Structures are given as C-alpha cells and as structure tokens.
Amino acid sequence: MQLDFLGDLQRTHRCGDLRASDAGATITLMGWVNRRRDHGNLIFIDLRDRSGITQIVFDMERNPEMHARVEAVRNEYVLAVTGKVELRDENTINPKMETGEIEVIATDLKVLNESKVPPFFPGDANVNVNEEVRLKYRYLDLRRPEMHACVEMRHRVTLAIRNYLANQGFYEIETPMMTRSTPEGARDYLVPSRVHPGEFYALPQSPQIFKQLLMIGGLDRYFQIARCFRDEDLRADRQPEFTQIDLELCFPTEETIHQVVEGFLDAAFTAAGYTIKRPFPQMPYDEAIRLYGIDKPDLRLPAMTDVKPAFSAEELDMLAIDASLPVVAIRIPNVGELSRKERDEHKALLNEKQAKVIKFIDDFKRLEKGFAEPAAKVRELCGAEEGDLLVLVAAPKDGITEATPDDAAAKRRRQRQAYAVYTNAGQFRLALAQRYANRHKAFEGKEFKFLWVTNFPSFEWDEQMRQWTFAHHPFTSLHEQHMELLHDGVSALRDPNSALGAIRARAYDLVLNGTELGSGSIRIHQQDVQAKIFEALGMDEAEQKLRFGFFLEALQYGTPPHGGIALGLDRIVMILAGASSLREVIAFPKTAAATDLMMEAPTPVTDAQLKELSIAIKR
RNA sequence: GGGGUCGUAGUUCAGUUGGUUAGAACGCCGCCCUGUCACGGCGGAGGCCGCGAGUUCGAGUCUCGUCGACCCCGCCA
C-alpha cells in the first residue's frame with residue numbers, strides 16, 4: 001500500500017497516557033496496530049506502544065476519507081494518528097483498559113509502515129507459542145507487554161544498582177573483553193589473533209584479575225556491570241554469556257562487603273517494587289550441608305533434622321541403617337496423605353548413584369507401627385505437624401563399615417561419608433519439594449529468602465583427577481588459623497582424606513530461594529601466600545611464572561588487603577520477574593545449544609577469513 | 001558425553017490396533033455489518049505430517065539414523 005512519510009510530525013502522548021481528564025484535547029499518537037475491529041462503516045483500531053493501548057475510532061459518517069484509508073490497515077502496521085480525545089459513552093467504557101474511559105476520534109492518519117502477517121501476534125493476551133518461534137522472531141516477541149515489563153525491570157534494577165554504588169564511592173570501570181584466560185575453571189571462548197598467528201585472546205569468564213589489579217592500582221572501590229563468557233553446557237539458569245554485577249574494594253572485612261551488597265540489593269528490589277529484610281542471615285558452609293544438604297539452601301522450606309538420637313543402636317540395626325553415619329529427616333509441610341502409588345514414585349527421584357549411597361523411609365505410618373517410640377521422638381525433633389511429609393534418609397548398613405581405627409584419617413573418611421548422606425538427602429529433599437510444590441505452595445508468591453553462606457572449603461576432591469583442587473579461584477584467602485593445615489596438606493594432595501579438606505576459605509556465597517546469586521571472597525594480598533597456594537595446587541615455580549608471573553609481580557608492589565564479590569544480574573532479574581528461564585530476561589538470549597536462532601549464529605566463515613587468521617578447520 | 005519430553009496448516013493442537021481424500025481452533029483472504037474491545041455473520045484458501053533410510057500390499061502412526069527446541073545429570077569455583 002501507499003505509505004506516508006513521518007515528516008515533522010511529533011507525537012504528543014504515548015498510547016498508555018490518555019485519561020478522562022484529557023477529553024477535548026487534540027493529540028497525536030504513534031504506534032503499532034494491536035488489533036483491528038471492523039464493523040463496516042465503523043472501524044476500531046487499538047494502537048499500541050511501549051506504554052499501553054488506546055482505542056482509535058474511524059467513523060464513516062464523521063470522516064469518510066480516514067475511514068477509507070484505514071480499511072486496508074492490518075495488525076502490526078505502524079500508524080501516526082491525530083485526533084480528538086473523547087469521553088466514551090457510559091456503556092462503552094472498558095474497565096479492563098487503563099485508557100478505557102476515553103477513545104480518540106481520528107482526524108488524520110499516516111500509515112508509516114505495513115507489516116507482513118506475523119507468525120504470532122504480540123497483542124494476543126496469552127501468546128502460547130513455541131519458544132523456538134519466539135526466539136526466531138525475537139523482535140516480534142519483544143513487542144509483547146510481558147517482555148517490555150521484563151526489559152524495563154532489568155533497566156530499573158541496573159540503574160538503581162549503579163546509583164547506589166556510585167553514591168557509596170564506587171567507580172564504574174570497564175575492563176578488557178579480549179584478554180588472556182583467567183583461572184575460573186570453565187572453558188574459554190577464544191578469539192584468534194590475526195597479527196599473532198596461532199595465538200588467541202580469551203573472552204573473560206569474569207574480570208577477576210583486572211579488578212584485583214584495580215585495587216593494586218589504588219582505585220579503592222570498583223564496580224562494573226560486566227559481561228562474562230563461559231563455554232559450558234547450559235541450563236535454564238545458565239547462558240553462555242551473562243552479566244555480573246562485579247565489585248571489589250580495598251581494606252574490607254567480610255562485613256563491609258555484605259553491607260554493600262545488601263545495600264544495592266535493597267535499592268534494586270525497591271526499584272522493582274519489593275521490600276526485603278536486612279541484614280541477611282548467615283550460615284557457615286558446614287552447617288548448610290548438615291541442615292540442607294547443599295551449599296545453596298532454599299530457606300522457604302524447613303531444614304533437615306538429624307534424628308539419629310531418636311533411635312537405639314538395636315533399632316537402627318533392625319532398620320538396616322549404618323549407625324556410624326547421620327540419620328536425617330526431611331520435612332515438607334502441608335503435603336497431606338500420600339497414596340501408595342505416589343510413594344512408589346519416590347524411588348524414581350533418585351539416580352543410580354544416589355540409590356547406592358542412601359536409603360529412605362517414606363512410609364512414616366508404617367514406621368510408627370513398628371517403632372512407635374522413636375517415631376514419636378522423630379516427630380518431636382523435627383517439629384512436625386499434622387499433614388507434614390516426613391522422610392527419613394540414612395546410609396544403608398552394608399556390613400563393610402566395621403569398627404575402624406579412630407585416627408584422624410578415619411575420622412575424615414567418616415566425615416566424607418556423612419557429607420555424602422547429607423548432600424544426597426539434600427537433593428532428595430529438593431526433588432520432593434519440587435514434586436509436591438502445588439501442595440505446600442512455598443514456591444509461589446514473591447517471598448525472598450536471602451542467605452549468606454560463609455566459610456567455604458578451600459579445596460575439593462576431584463574424583464577424575466584423583467587429587468585435591470581449589471574450590472574457588474586460587475586468589476581466595478584462607479582463614480589464618482588454617483595456614484598450618486595447608487603445610488600438612490600439600491604433601492597429601494592425592495589423599496582423599498588429606499587435611500586439605502578441613503581448610504576453610506574467607507569466601508562467601510549469596511543465596512536467594514535456593515539459587516546462587518553470586519560469590520566472593522577476601523583475596524590474598526601477600527605474594528608469598530599466593531605463591532604457596534599455587535604450590536599447593538601442584539604448580540611449580542616455572543608454571544606459576546608462566547601463567548601468573550605478571551600477577552605475582554604486581555602483588556609485590558604494595559598490594560592493599562582487598563576483596564569483593566560478583567552477583568548474577570540475569571538471575572536476580574529472573575527471580576524478580578518470576579520467570580523460570582534466563583531467556584525471559586535477556587533481550588537476545590541463546591538456546592540450550594548456545595545458538596542464536598534469530599541471527600543464526602554461530603556460522604562457518606569464509607576460507608579467506610580463516611586464512612587471514614592462520615586457522616585450518618579439521619573436517 | 002549421558003538421560004528424558006517434544007516436532008502434523010502461519011500458530012496452538014487432535015489424529016484410534018498401520019488402512020480410502022490428514023482434522024479442529026485461532027490466524028489469513030473475500031463479502032456483509034455503526035459501539036466493538038478475544039466484535040459478530042457467511043464463504044474460501046492454506047499440509048515435504050522436521051529430514052533420511054528401513055519394515056509393510058499400504059507408514060503421520062512401527063524400527064533405525066539424523067537435525068532442531070526444551071528440561072535434567074555430568075560440566076559450570
């Protein structure tokens with residue numbers, strides 16, 4: 001169709017602006033045709049922009065020329081409409097629309113652009129379209145008010161954080177996107193260098209080393225809304241590129257950093273329309289494992305309880321439970337009676353590995369028949385109420401766990417076994433919680449349970465490598481009283497029961513409703529300590545120099561004590577939006593296979609490009 | 001790397017133990033309609049059943065492979 005030019009025409013209002021008080025005004029709106037209702041000589045157009053929708057009336061009697069022009073207009077055409085705001089008749093007021101008390105009688109119409117019939121209509125109240133289609137036509141998906149709301153909230157949250165941190169004396173500083181691999185442990189995205197054939201930059205997994213260097217540079221307080229890249233397999237809450245609120249400061253204690261984070265989260269949640277309680281509770285890692293079987297406890301449901309004291313040794317023997325390991329009770333409120341069939345399906349919630357490590361008792365009624373007294377004690381210990389689901393989890397007695405010498409190594413081995421019981425029980429707890437979510441309803445609504453998890457282990461056992469590795473990046477401080485364990489432990493790098501497992505770091509995670517929002521630490525600022533850590537990881541001097549020489553050198557020029565944290569912005573916004581996937585809060589997200597369905601990235605490149613980069617593809 | 005769910009009209013889905021010409025709703029196109037706002041009425045067009053093999057007289061349906069989307073495990077401090 002013949003299109004009109006915009007010319008000098010300016011809009012006077014947005015489509016969601018007009019109210020009864022504007023009646024009589026002559027206004028100009030611009031936007032998309034959300035929906036068209038053609039009654040023959042009377043045509044209604046709902047015009048939509050970011051702010052909302054206004055009904056435009058084209059009346060054959062009042063303005064035949066306009067009416068004729070609008071007949072060819074279809075959904076998603078782009079219009080500029082000038083007209084008069086009129087109060088609607090009482091019986092035509094639409095209480096469902098913000099602008100439902102008025103309508104605009106068109107006096108001039110410019111068709112600024114037409115539209116192909118889209119694969120789905122952004123104006124449909126419930127767009128129930130396959131995500132594949134939404135991602136391919138992301139620009140149409142983005143026209144939906146729900147998407148606008150997510151994008152807007154993300155903007156407001158980011159802005160609030162920027163303002164808060166700026167007011168706290170933080171500088172926003174950019175760090176390079178093309179850098180060298182930093183030791184986060186994930187796979188790097190690499191960028192080939194044309195001028196250095198065979199060499200590659202890495203995209204940052206985080207700005208970790210740069211922000212520490214900024215502290216050495218005396219910038220005192222740094223933050224960045226930083227894009228990070230990790231080439232690992234994805235999940236609903238993991239994208240290959242994601243955004244962190246990254247910050248670092250000089251001379252902090254853990255408390256300083258917690259306060260800054262709680263402060264900007266308060267600002268962010270307020271900007272999104274929610275209030276949160278401060279200060280956030282704290283829990284040492286070991287306690288989190290014991291009570292929740294996981295390092296990111298979801299506090300919306302009760303903790304687990306160690307109920308071994310409820311049983312005598314004979315009773316545990318009769319139940320075929322290993323008495324040397326914990327017996328934990330999972331309690332999920334308001335689940336009510338379960339059928340035999342429902343209980344039978346609980347087994348399927350465990351994978352093969354878990355089924356080997358733990359056994360569970362989910363028929364509490366039956367337990368009460370055979371073991372009335374202990375069962376009553378269990379109820380008491382858990383604080384269980386009527387209708388609560390109680391499931392006991394323990395290690396099966398396998399006959400192998402006979403009396404072992406009571407030395408330190410044996411003790412640590414038992415600790416490792418207990419850890420396995422706790423963590424598998426914790427996973428079972430989450431699986432049950434998910435399964436009965438519609439009964440306990442604890443996951444509905446906007447309840448925000450924050451938690452600082454502190455004192456993380458410094459080292460973790462790598463089953464594949466059969467040795468201890470650093471649990472965080474290797475710049476994390478240990479607690480000073482654990483430095484000696486480090487000396488002892490280094491010699492036992494390949495012993496799963498080594499003292500290294502007892503060392504705790506000055507590291508903390510922030511958890512919200514069972515989701516890890518981010519983690520940080522007090523860093524090592526002494527060169528000799530840093531070198532010792534590298535050594536503990538099996539790096540000799542030559543390798544240290546090769547990988548971190550520049551950093552070890554920097555540490556020798558008056559490095560201040562410093563520390564920081566990084567929080568996942570996408571995850572924060574996802575939780576605020578009540579979304580179940582990061583893709584909902586990222587304008588142009590990637591699929592689970594790390595592709596962009598709209599841009600169709602990644603793609604092969606031409607042989608000429610490859611040649612220039614000195615790269616040959618193996619086919 | 002492994003496991004699961006899914007793939008049929010533009011969209012969302014149905015499609016019986018394998019059996020004639022693959023259906024519905026919404027959308028689209030045409031005609032009619034002056035108070036709709038999920039407008040309404042009448043009529044119409046629209047299909048490589050993801051792709052490729054195989055079994056069979058016959059495959060949307062069964063088998064194998066492959067591609068893609070999503071979820072989970074591993075992985076991601």
Side-chain angles (χ1 to χ4, degrees), chain A residues 34-48 53-62 67 72 74-76 86 88-97 99-100 103 105 116-121 123-137 140 182-188 205-206 208 228-240 242 295 348-354 427 430-431 434 456-460 462-464 469-476 505 507 509 516 518-521 537 566 568 580-581 583 590-593 595 597 600:
Chain A
N34 195 58
R35 205 179 290 278
R36 186 185 100 105
R37 288 177 297 281
D38 185 349
H39 291 236
N41 288 330
L42 182 68
I43 294 175
F44 298 101
I45 295 277
D46 288 343
L47 199 66
R48 180 194 71 234
I53 292 173
T54 297
Q55 173 166 283
I56 318 288
V57 184
F58 294 86
D59 190 330
M60 177 67 132
E61 276 179 17
R62 292 218 238 181
H67 182 272
R74 293 293 181 269
N75 287 351
E76 299 309 314
E86 287 192 2
R88 295 198 195 184
D89 284 347
E90 185 112 11
N91 58 332
T92 63
I93 286 174
N94 185 346
K96 284 184 276 184
M97 288 174 77
T99 60
E103 60 196 2
I105 312 301
K116 279 176 70 178
V117 175
F120 59 92
F121 287 106
D124 270 357
N126 48 346
V127 168
N128 186 21
V129 183
N130 198 304
E131 194 168 3
E132 208 170 337
V133 179
R134 289 179 54 202
L135 288 175
K136 183 170 177 194
Y137 297 92
L140 295 178
T182 54
E184 257 77 22
R187 295 183 184 90
D188 286 315
Q205 295 179 30
S206 82
Q208 183 60 38
C228 306
F229 305 85
R230 294 179 192 177
D231 186 7
E232 294 293 340
D233 289 344
L234 306 178
R235 292 284 189 281
D237 62 352
R238 278 168 18 195
Q239 282 273 305
F242 58 99
D295 60 1
L349 299 177
L350 295 179
N351 62 34
E352 274 176 49
K353 245 184 178 174
Q354 292 169 326
Q427 283 168 29
L430 287 180
Q434 207 56 57
F456 271 77
S458 292
F459 295 87
E460 62 188 10
D462 185 327
E463 196 56 51
Q464 274 180 346
T469 61
F470 228 69
H472 317 269
H473 56 67
F475 311 119
T476 305
D509 274 13
E516 181 196 320
S519 64
S521 64
L537 291 169
S580 53
S581 154
R583 294 184 298 278
K590 294 196 171 48
T591 67
T595 62
L597 293 180
E600 296 181 316

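Proteins come first, then strands; the chains are lettered A, B, ... in the order of their sequence lines, and each starts at number 1. Since the model is a prediction, treat every value here as computed from it, not as a measurement.
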Go nucleotide by nucleotide along RNA chain B from the 5' end; which of R187(A) and R74(A) gets its closest nucleotide reached first?
R74(A)

In whole angstrom, give me the gap between the P atoms of A14(B) and A25(B).
16 Å

Exam field: side chain D59(A) to backbone E61(A), donor-acceptor pair closer than 3.5 Å:
yes

Below the 4.0 Å mark, does A69(B) have OP1 or OP2 next to a side-chain nitrogen or oxygen of K136(A)?
no

I'd like to know if the side chain of R583(A) reaches the main chain of A236(A), judged simply by a donor and an acceptor atom lying under 3.5 Å from each other, with no hydrogens or angles considered.
no

Presence of T591(A) side-chain N/O under 4.0 Å of A69(B) phosphate oxygens OP1/OP2
yes

Once you round it to whole Å, what is the distance between P of C67(B) and CG of L597(A)?
16 Å

Record whether the side chain of D89(A) comes under 3.5 Å of the base of G35(B) through a donor-acceptor pair of N or O atoms.
no

I need the CD-P distance between E132(A) and U11(B), as an integer number of Å.
10 Å

Span that lies between the P atom of C13(B) and that of C57(B), in whole angstrom:
36 Å

Given C70(B), C75(B), C37(B), the nucleotide with the shortest approach to the side chain of D233(A):
C75(B)

Under 4.5 Å between any side-chain heavy atoms of S458(A) and T476(A), yes or no?
no

Paired to U56(B) by Watson-Crick or G-U wobble criteria (both distances under 3.5 Å) is none

Base partner of A38(B), which must satisfy Watson-Crick or wobble distances under 3.5 Å
none

Please produce a list of atom pairs where a protein N or O lies less than 3.5 Å from an N or O of nucleotides 39-41 of chain B.
from	atom 1	to	atom 2	distance (Å)
C39(B)	OP2	R35(A)	NE	3.2
C39(B)	OP2	R37(A)	NH1	3.4
C39(B)	N4	D38(A)	O	2.3

Given Q239(A) and R230(A), is the side-chain hydrogen bond (donor to acceptor under 3.5 Å, both in side chains) satisfied, shown in steps?
CA-CA 8 Å; Q239(A) 282 273 305; R230(A) 294 179 192 177; over 6 Å; no

How many Å lie between CD1 on I56(A) and P on U36(B), as a whole number?
18 Å

P-based separation of G74(B) from C67(B) [nearest Å]:
25 Å

Figure out the CG/C1' separation between N128(A) and U12(B), and round it to whole Å.
6 Å

Expressed in whole Å, how much space separates the P atoms belonging to U17(B) and C42(B)?
35 Å

Under 4.0 angstrom between R230(A) side-chain N/O and A77(B) OP1 or OP2
yes

Spell out yes or no: do the side chain of E103(A) and the base of G35(B) have one donor N/O and one acceptor N/O closer than 3.5 Å?
yes

Under 3.5 Å, is there a donor-acceptor pair between the side chain of Q205(A) and the main chain of A186(A)?
yes

Using only modelled atom types and a 3.5 angstrom limit, is any donor from either the side chain of R62(A) or the base of U34(B) paired with an acceptor on the other?
no

Paired to C75(B) by Watson-Crick or G-U wobble criteria (both distances under 3.5 Å) is none

Nearest-Å distance once atom C1' is located in both C71(B) and G27(B):
30 Å

V117(A) or D59(A), whichever maps to the more 5' nucleotide of RNA chain B
V117(A)

Mind calculating the distance between CD1 (I43(A)) and C1' (C37(B)) to the nearest angstrom?
15 Å

Winner on side-chain proximity to M97(A), out of C37(B), C71(B), C76(B), is C37(B)

Whole angstroms only, please: what is the CD-C1' distance between E86(A) and G35(B)?
13 Å

Any strand counts, and the cut-off is 3.5 Å on both contacts for Watson-Crick or G-U wobble. Which nucleotide pairs with U11(B)?
A25(B)

Check whether any side-chain heavy atom of R88(A) lies under 4.5 Å from a side-chain heavy atom of N94(A), and answer yes or no.
yes

What is the ring orientation for H472(A) with F470(A), classed by angle as parallel under 30°, tilted 30 to 60°, or perpendicular over 60°?
perpendicular

R235(A) side-chain N/O to C70(B) phosphate OP1/OP2 under 4.0 Å
no

Report the distance from atom CG of N34(A) to atom P of U36(B), rounded to the nearest whole Å.
19 Å

Pair assignment for U61(B), Watson-Crick or G-U wobble, requiring both distances under 3.5 Å:
none

Would you check if the side chain of T595(A) reaches a backbone N or O of L597(A) as a donor-acceptor pair within less than 3.5 Å?
no

Atom-pair distance (CG on N91(A); C1' on G35(B)), nearest Å:
8 Å

A77(B) phosphate, OP1 or OP2: any side-chain N/O from S458(A) under 4.0 angstrom?
no

Check whether any side-chain N or O of R238(A) sits under 4.0 Å from OP1 or OP2 of G74(B), and answer yes or no.
no

Using Watson-Crick or G-U wobble geometry with both distances below 3.5 Å, tell me the partner of C6(B), or none.
G68(B)

Between A24(B) and A9(B), how far apart are the P atoms? Round to whole Å, please.
14 Å

For atom P, what is the distance between C6(B) and G10(B), given to the nearest Å?
23 Å

Protein within reach of the bases, or only the backbone? For nucleotides 2-10 of chain B, mark each nucleotide 5' to 3' as B, S or -, using heavy atoms under 4.0 Å.
--------S

Shortest non-hydrogen contact from S521(A) toward A507(A)
CB-CA, 3.9 Å

Mind listing the closest non-hydrogen atom pair of D124(A) and R35(A) along with its distance?
OD1-NH2, 3.5 Å

The nucleotide from G35(B), A77(B), A38(B) with an atom nearest the side chain of K96(A) is A38(B)

Closest approach of E86(A) to R62(A) (non-hydrogen atoms, all atoms of both residues):
OE2-NH1, 3.1 Å

Using the P atom as the reference point in each nucleotide, state the distance between U56(B) and G18(B) in Å, no decimals.
16 Å

Mind running salt bridge (charged side-chain N to carboxylate O under 4.0 Å, His left out) on E76(A) and R36(A) for me, showing each step along the way?
CA-CA 10 Å; E76(A) 299 309 314; R36(A) 186 185 100 105; over 6 Å; no

Are any of N94(A)'s side-chain N or O atoms less than 4.0 Å away from OP1 or OP2 of C37(B)?
no

